[in-house]
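Structure first, then comments.
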Amino acid sequence: MVEDKKEWAQFFKQMFKEGEKFTEDLLKENERLRQRNAFLEHELSLRSASGRSDSSQLLTRLEVLEEERNRLKEELSSLKRRLKQVEKENADFTLQYLEIEKQNSNFASLYVASYQLHSTIDFNKILKVISDILTNLIGAEYFGIYLYDPRSSTLVLTSVEGLDEPKGSRVELRDNLMSRVASSGELYIDPEIPEPGNYARPIALQPLISSGDLVGMLAIHKLLVQKEGFEPIDMELFSLLGAHAGTALLAARICSEVQAAGT
Amino acid sequence: MPKKILIVDDTTSVRMLLRMILKSTDYELAEAEDGVGAFKQCNSPSPPDLVLMDIIMPNMDGIECCRLIKANKKTKHIPVIMVTTKGEPQQMESAYAAGCDDYLTKPINRIELLAKIKAQIAND
């Protein structure tokens, strides 16, 4: 019986010891878990704070980039506007350049025509100069140069290019186109485009005047194939011929008459 | 050294006009009144770098002169631009058949002339 009691006491003692140890282990585990929990909570709070900070930084960066993008967009449209302006300026300069080049070319033609008309007092050479001006500077293919004969009141064909009329043929100045143009003293341009092959009617008539008197007339019947029509420079050349060619021809004729009388 | 351009035309007015147009450029200018004179200058010790040639001329016309220039080993490299009143297609064909490098009709357009010269001399 005593033996049994000792065994039971031993058994309970052992059981209490194990219970104590188990409780100690539980407390230890509990402490460990509490610490772990505290650590994780700390971590979580840290991460949450960090996340909030990253988003804020990203938002700020985004705003900066947005501003940069807007600035670049404005710069781009400003550059596009400038480019358009420069292109327009460039086009204007090109037009101005072309206009100046054209004017230079016109001045050159007028200078050459004027210079050549006064380069000689030989009658035939002046006729040749007038023909050269009509062909090379104006672009006439068929034309006649008439001189006025005041005794018969006729225009005498003195030089001819491309036309069938022979030299020396005369046009009476009475109630016809040439007569009207001679009276006006002004350049005549036919407003109608003649049919191809019909070159009988002149497309332009320029009276040659000296000191207000009729000296002769230029009659253009056909332009060169590449020449589509008269241009402003042609009007200037006609005007120059009208004012200077007549005087040059008259002076040359008088000069040759004086020379002939002297010999 | 400036490039040399030979102006070939029997008409004084045209030679004078071409001189005036080309005066503002850096080209050195020479003149001939017909094909004979032009061919002679092309075979000289100082030949031109380019020839501006009229077609209708006395003694030797522009087509014949161009043919001779292009048939000659010594001169065939010289670019020839025909500058003429003749704007008909058959005239152009004849000129190109003779070996001309370009073709310009009168009345002369200054800008067109300068562009054609520049193209030929730049290609050279």
Side-chain angles (χ1 to χ4, degrees), chain A residues 94-120 122 125-143 161-162 196 220 222-234 236-238 240-241 245, chain B residues 5 7-27 29 31 33-34 52-58 61-62 81-96 100 102-119:
Chain A
T94 306
L95 283 176
Q96 277 178 18
Y97 169 76
L98 289 174
E99 187 55 36
I100 289 167
E101 282 292 309
K102 199 172 177 182
Q103 279 183 14
N104 277 341
S105 190
N106 292 350
F107 282 134
S109 294
L110 287 168
Y111 177 80
V112 168
S114 174
Y115 184 92
Q116 291 298 323
L117 278 173
H118 298 290
S119 63
T120 179
D122 183 294
K125 282 184 182 169
I126 291 173
L127 280 179
K128 171 81 168 62
V129 166
I130 296 169
S131 292
D132 287 343
I133 292 168
L134 291 173
T135 305
N136 296 295
L137 303 186
I138 292 178
E141 189 171 7
Y142 295 175
F143 57 85
E161 191 67 49
I220 315 294
K222 183 181 180 283
L223 294 176
L224 292 168
V225 67
Q226 65 271 18
K227 178 109 178 172
E228 289 176 356
F230 292 112
E231 294 170 28
I233 178 60
D234 299 327
E236 299 285 334
L237 284 164
F238 276 129
L240 184 131
L241 285 167
Chain B
I5 294 177
I7 298 165
V8 191
D9 202 304
D10 60 319
T11 311
T12 319
S13 311
V14 176
R15 291 201 308 276
M16 189 179 178
L17 181 64
L18 285 169
R19 263 195 177 279
M20 284 197 72
I21 291 173
L22 297 171
K23 206 166 77 174
S24 60
T25 64
D26 291 330
Y27 302 122
L29 303 174
E31 289 182 19
E33 291 182 18
D34 56 29
L52 296 175
M53 180 113 67
D54 187 19
I55 289 185
I56 299 167
M57 291 183 291
D61 67 28
I81 300 177
M82 292 296 186
V83 184
T84 174
T85 54
K86 299 290 171 189
E88 293 85 358
Q90 58 268 33
Q91 282 287 343
M92 287 188 182
E93 279 172 27
S94 304
Y96 280 113
C100 86
D102 212 336
Y103 200 97
L104 183 69
T105 53
K106 295 174 188 170
I108 297 162
N109 179 311
R110 179 189 162 96
I111 294 170
E112 200 182 349
L113 172 73
L114 293 176
K116 282 180 186 282
I117 290 173
K118 205 173 168 186

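Naming: A, B, ... by sequence-line order, numbering from 1 per chain. This structure is a prediction, so every number in the text was calculated from the model and none was measured.
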Closest contact, heavy atoms only, [X] versus [Y]:
X      : Y      : value
A/S109 : B/L17  : N-CD1, 3.7 Å
B/I108 : A/S105 : O-OG, 4.3 Å
A/L224 : B/K106 : CD1-O, 3.7 Å

Toward chain B, the part of [X] with a non-hydrogen atom under 4.5 Å:
X      : result
A/E101 : both
A/E231 : neither
A/Y115 : side chain
A/I233 : neither

### Query
Is there side-chain contact between B/M16 and A/Y111, with heavy atoms separated by less than 4.5 Å?
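Side chain of B/M16 against side chain of A/Y111, heavy atoms only: contact under 4.5 Å found.
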### Query
A/N136 versus B/S13: any side-chain heavy-atom pair under 4.5 Å?
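When only atoms from C-beta onward are counted, B/S13 and A/N136 do not touch, as no gap falls below 4.5 Å.
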Measure the spacing between [atom1] of [X] and [atom2] of [Y] and express it to the nearest 0.5 Å.
X      : Y      : atom1 : atom2 : result
A/Q116 : B/T11  : CD    : OG1   : 9.5 Å
B/T105 : A/K227 : OG1   : NZ    : 10.5 Å
A/N104 : B/I111 : CG    : CD1   : 9.5 Å

#### Entry: Donor-acceptor pair, side chain of A/Q226 and main chain of B/T85, under 3.5 angstrom
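Confirmed, A/Q226 side chain pairs with B/T85 backbone.
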#### Entry: Atom CD of B/Q90 with >12 non-hydrogen neighbours under 6.0 angstrom
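Yes, the 6.0 Å shell around CD holds more than 12 heavy atoms from other groups.
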#### Entry: Heavy atoms of other groups near A/K128 NZ, more than 12 under 6.0 Å
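Above 12, so yes.
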### Message
Can you tell me which portion of B/T84 sits under 4.5 Å from chain A's heavy atoms? Options are side chain, backbone, both or neither.
### Response
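Just the backbone, heavy atoms under 4.5 Å.
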